[in-house]
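Worksheet: one structure, shown below.
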Amino acid sequence: MKNSCMVALLSLVVLAMAGCGAGGGAADPQSIADAAVKKILAKDFDSVFDLTDTSGQDTAGLGEIREWRITEKYDLWKDYKKRLEGDDGMDPKSKSGIDGEEAWKNMSQGKGWALRQGYYRLYANDDLDKRLEMRWAMANREMELKEEGHGGAEFRYMNGYGDSIKVECYRLNGLWYLASAKVSMEKELPKKPKDE
């Protein structure tokens with residue numbers, strides 16, 4: 001009886017994780033796309049990475065390699081800092097919290113991914129909060145199912161200013177994962193046409 005209760009509990013946990021996209025896998029691609037957009041609009045950039053599939057990575061091994069490269073001076077804070085700063089940098093407004101060598105050394109995988117995706121670059125855009133908080137809606141979606149258990153999907157969301165978020169997902173062994181989520185936003189708000 002005790003074992004069957006434990007099996008039932010574990011089954012519920014697995015189903016809940018698959019349904020909500022924990023660890024990236026979900027039964028429906030739109031749930032992954034919606035979750036990615038929700039995180040971006042909330043400026044929860046680092047956790048967008050949680051929707052990706054990392055099962056093919058040796059996360060601990062990659063962490064050890066990164067630590068070795070830093071210790072052996074193959075990767076230097078001063079070089080990384082240059083990539084963060086400036087108008088074309090990954091973090092032009094210093095919003096990521098990577099403000100020194102220790103923060104860089106201890107940076108999470110999600111933070112590094114968010115920086116590489118350009119999410120922290122969004123802070124350089126005019127009226128970012130106003131643009132993210134306004135109504136966004138799905139503009140279109142495309143899905144292609146390939147061989148059993150595999151496929152691809154693309155979703156595009158937009159707001160009234162013409163800003164957009166393009167989310168690409170892929171299906172692997174019956175579960176959907178985030179491939180990428182790209183935000184397109186001009187630095188300045190678009191100007192209204194003159195009413196003559």
Side-chain angles (χ1 to χ4, degrees), residues 12-57 59 84 89-98 103 107-145 149-190:
L12 287 173
V13 170
V14 169
L15 285 173
M17 288 174 66
C20 72
D28 172 39
Q30 188 171 337
S31 66
I32 292 288
D34 287 345
V37 170
K38 184 177 179 181
K39 288 173 184 290
I40 290 168
L41 296 181
K43 295 188 272 191
D44 184 10
F45 302 138
D46 301 353
S47 72
V48 178
F49 178 74
D50 297 340
L51 301 170
T52 66
D53 175 27
T54 58
S55 64
Q57 293 181 359
T59 305
L84 292 174
M90 294 186 295
D91 188 16
K93 298 292 183 184
S94 301
K95 296 287 189 175
S96 69
I98 306 302
M107 179 172 59
S108 71
Q109 196 174 9
K111 175 84 70 187
W113 190 82
L115 284 163
R116 289 189 303 276
Q117 295 297 308
Y119 298 151
Y120 285 97
R121 198 174 295 145
L122 292 173
Y123 282 104
N125 296 325
D126 294 346
D127 295 313
L128 179 64
D129 288 337
K130 181 178 177 180
R131 295 161 90 162
L132 295 179
E133 291 167 3
M134 76 177 309
R135 175 78 167 101
W136 286 73
M138 186 189 309
N140 70 320
R141 75 178 194 171
E142 297 176 20
M143 290 180 57
E144 179 185 357
L145 295 177
H150 302 286
E154 183 178 296
F155 300 84
R156 193 168 74 85
Y157 300 76
M158 63 180 293
N159 67 13
Y161 293 116
D163 302 326
S164 67
I165 303 174
K166 178 179 159 185
V167 181
E168 294 182 356
C169 304
Y170 65 93
R171 187 175 186 221
L172 179 65
N173 297 325
L175 289 177
W176 290 91
Y177 299 93
L178 177 70
S180 68
K182 302 287 183 195
V183 183
S184 296
M185 186 179 286
E186 296 294 326
K187 182 173 176 5
E188 297 177 1
L189 284 172

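Side-chain atoms are counted along with the backbone in the values below, which use heavy atoms only and exclude waters and symmetry mates.
At least one side-chain heavy atom of Q57 sits less than 4.5 Å from a side-chain heavy atom of Q109. In this structure the side chain of L178 never reaches within 4.5 angstrom of the side chain of Y170, judged on heavy atoms. By the 4.5 Å heavy-atom criterion applied to side chains, I32 and Q30 are not counted as neighbours. Between M185 and L128 there is a side-chain heavy-atom pair separated by less than 4.5 Å. Residues L122 and K95 fail the side-chain proximity criterion, which asks for heavy atoms closer than 4.5 Å. Taking the side chain as every heavy atom from C-beta outward, D28 and W176 never approach each other to under 4.5 Å. Within the 4.5 Å cutoff, the side chain of R156 has no heavy atoms near those of the I165 side chain. Side-chain contact between N173 and H150 is present, with at least one heavy-atom pair separated by less than 4.5 Å.
Nearest heavy atom pair, residue C169 against residue P29, reads SG-O, 3.9 Å. Considering every non-hydrogen atom in both Q117 and A181, the closest pair reads OE1-O, 4.2 Å. Closest heavy-atom contact between L115 and S96: CD2-CB, 3.9 Å. Annotation for A26 and S31: closest pair CB-OG, 3.5 Å, computed over non-hydrogen atoms.
Distance check: Y161 OH to K130 NZ gives 3.5 Å after rounding to the nearest 0.5 Å. Of the inter-residue distances, the one linking M158 atom CE with S164 atom OG reads 7.5 Å to the nearest 0.5 angstrom. With rounding to the nearest 0.5 angstrom, the OG atom of S94 is 11.0 Å from the CD1 atom of I98.
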*What's the verdict on side chain to side chain contact (heavy atoms under 4.5 Å, CB included) for E186 and N125, showing C-alpha distance, side-chain angles and the deciding distance?*
CA-CA 7 Å; E186 296 294 326; N125 296 325; over 6 Å; no
*Tell me, with the steps shown, if D129 and K43 meet side chain to side chain contact (heavy atoms under 4.5 Å, CB included).*
CA-CA 9 Å; D129 288 337; K43 295 188 272 191; 2.4 Å; yes
*Are L132 and M134 close enough, and set up right, to give a side chain to side chain contact (heavy atoms under 4.5 Å, CB included), and what steps lead you there?*
CA-CA 6 Å; L132 295 179; M134 76 177 309; over 6 Å; no
*asked:* Is there a side chain to side chain donor-acceptor pair (under 3.5 Å) between D34 and Y157? Walk through the geometry before answering.
replied: CA-CA 9 Å; D34 287 345; Y157 300 76; 2.6 Å; yes
*Could you please spell out the steps behind the side chain to side chain contact (heavy atoms under 4.5 Å, CB included) verdict for E154 and R141?*
CA-CA 5 Å; E154 183 178 296; R141 75 178 194 171; over 6 Å; no
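Put simply, the side chain of R171 never gets that close to the backbone of Y177: no donor and acceptor are under 3.5 Å apart. Side-chain atoms of N159 come within 3.5 Å of backbone atoms of R131 as a donor-acceptor pair (strictly under, hydrogens ignored). Put simply, the side chain of S108 gets close to the backbone of K111: a donor and an acceptor are under 3.5 Å apart.
Comment: D44 does not engage K38 in a salt bridge, judged by the lack of any side-chain N to carboxylate O separation of less than 4.0 angstrom. Salt-bridge annotation for D126 and K187: present, with a side-chain N of the basic residue lying under 4.0 Å from a carboxylate O of the acidic one.
At least one test fails for K93 against the ring of Y123: distance under 6.0 Å to the centre or angle within 45° of the axis.
Ring orientation note: the planes of W113 and F49 are tilted relative to one another, at an angle of 30° to 60°.
Remark: Y120 pairs with F45 by the ring pair (Phe, Tyr, Trp, His ring centres under 6.0 Å) rule, at least two apart or across chains.
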